[in-house]
Amino acid sequence: MRAPPYHTSVREGPHAYPGEMLTITQALHDQIVAHSRADHPDEACGVVAGPAGTGRAERFIPMLNAARSPTFYEFDSADLLKLYREMDDRDEEPVIIYHSHTATEAYPSRTDVTYANEPGAHYVLVSTADTDDAGPFQFRSYRIVDGEITEEDVEVVEAYEPA
């Protein structure tokens with residue numbers, strides 16, 4: 001049985017992503033938020049991998065922010081190469097690429113858009129700054145394809161439905 005949908009601030013209009021939604025388990029959601037809070041005041045970053053072609057986020061992989069910066073994140077190139085080889089060996093792909101913003105809302109920056117090179121991935125941003133008086137963090141998901149940012153709904157479930 002699915003938990004009620006967890007909706008984030010969803011944009012209407014030309015940046016809506018009709019029919020698309022990130023479905024993520026509560027455990028993965030909580031791991032991403034915990035990593036974002038733990039690395040504050042620096043930006044946190046990581047990947048959630050899943051079986052290739054399924055779109056199902058399953059394996060949480062926190063990464064080191066090689067930039068060690070509160071305003072920028074960068075995957076260590078050696079760690080990233082190792083991760084992609086491991087995903088290839090396991091027949092996985094990056095379903096979610098996440099990072100945090102420590103002083104701004106959870107919306108992709110120009111730099112984030114420039115570095116978004118996985119058109120099939122959900123780009124999750126967690127803001128650890130209370131920028132909207134809605135609480136201590138924001139958890140939002142986007143598709144970023146060819147420089148176009150499209151926000152999507154997020155549904156947090158206790159467990160995935162059997163395949």
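This one's a predicted model, so the numbers in the text were calculated from it and none came from an experiment.
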What I want to find out is whether R59 reaches E86 closely enough, with some N-O distance under 4.0 Å, to be called a salt bridge. yes

How many angstroms lie between CG in L80 and CZ in R85, if you round to the nearest 0.5 Å? 11.0 Å

Under 3.5 Å, is there a donor-acceptor pair between the S100 and E43 side chains? no

Do V157 and I24 come close enough that some side-chain heavy atom pair is under 4.5 Å? no

Determine whether F75 and Y115 make a side-chain contact, defined as any pair of heavy atoms from C-beta on separated by less than 4.5 Å. no

Flag side-chain contact, heavy atom, 4.5 Å: F139 against Y98: no

When rounded to the nearest 0.5 angstrom, what distance separates CG in D112 from CD1 in I97? 11.0 Å

So, R143 side chain and G120 main chain: donor-acceptor pair closer than 3.5 Å or not? yes

Could you tell me the separation between the OH atom of Y73 and the OG1 atom of T111, rounded to the nearest 0.5 Å? 10.0 Å

Closest non-hydrogen contact found for R56 with V95 is O-CG2, 3.8 Å

Could you check H40 against T128 for side chain to side chain donor-acceptor pair (under 3.5 Å), going step by step and ending with a plain yes or no? CA-CA 7 Å; H40 188 89; T128 55; 2.7 Å; yes

Can you find a heavy atom in the side chain of I96 that is under 4.5 Å from one in the side chain of Y123? no

Spacing of OG belonging to S127 relative to NE2 belonging to H101, to within rounding of 0.5 Å: 8.0 Å

Which atoms form the tightest heavy-atom contact between A116 and I144, and what is the distance? CB-CG2, 3.6 Å

Between S36 and A44, what is the shortest heavy-atom contact and its length? CA-CB, 3.7 Å

To the nearest 0.5 Å, what is the distance between OH (Y84) and CD (E92)? 11.5 Å

Should Q138 and V126 count as side-chain neighbours, where that means a heavy-atom distance under 4.5 Å? no

Within this structure, what is the NE2-CD1 distance for the pair H35 and I61, rounded to the nearest 0.5 Å? 12.0 Å

Is the side chain of D76 donor-acceptor paired with the backbone N or O of D79 at a distance under 3.5 Å, no angle test? yes

Using only atom types and a distance under 3.5 Å, with no angle test, would you say the side chain of N65 pairs donor to acceptor with the backbone of E74? yes

Answer yes or no: are there more than 12 heavy-atom neighbours, outside D89 itself, under 6.0 Å from its atom CG? yes

Would L64 and F60 show up in the same hydrophobic cluster when neighbours are defined by side-chain heavy atoms closer than 4.5 Å? no

So do P94 and M87 actually touch side chain to side chain, heavy atoms under 4.5 Å? yes

Closest approach of E152 to S141 (non-hydrogen atoms, all atoms of both residues): OE2-OG, 2.7 Å

Considering only heavy atoms from C-beta outward, does the side chain of E58 approach that of P51 to under 4.5 Å? yes

Minimum heavy-atom distance T102-P70, with the two atoms named: OG1-O, 2.7 Å

Is any side-chain heavy atom of Q26 less than 4.5 Å from a side-chain heavy atom of E158? yes

Test log, rule side chain to side chain contact (heavy atoms under 4.5 Å, CB included), inputs F137 and V33: CA-CA 8 Å; F137 72 94; V33 171; 3.8 Å; yes

How close do L28 and A57 get, heavy atom to heavy atom, and via which atoms? CD1-O, 3.2 Å

Are E105 and R140 within salt-bridge range, i.e. N to O under 4.0 Å? yes

Treating S69 as the side-chain partner and T71 as the backbone partner, does any N or O pair qualify as donor plus acceptor under 3.5 Å? yes

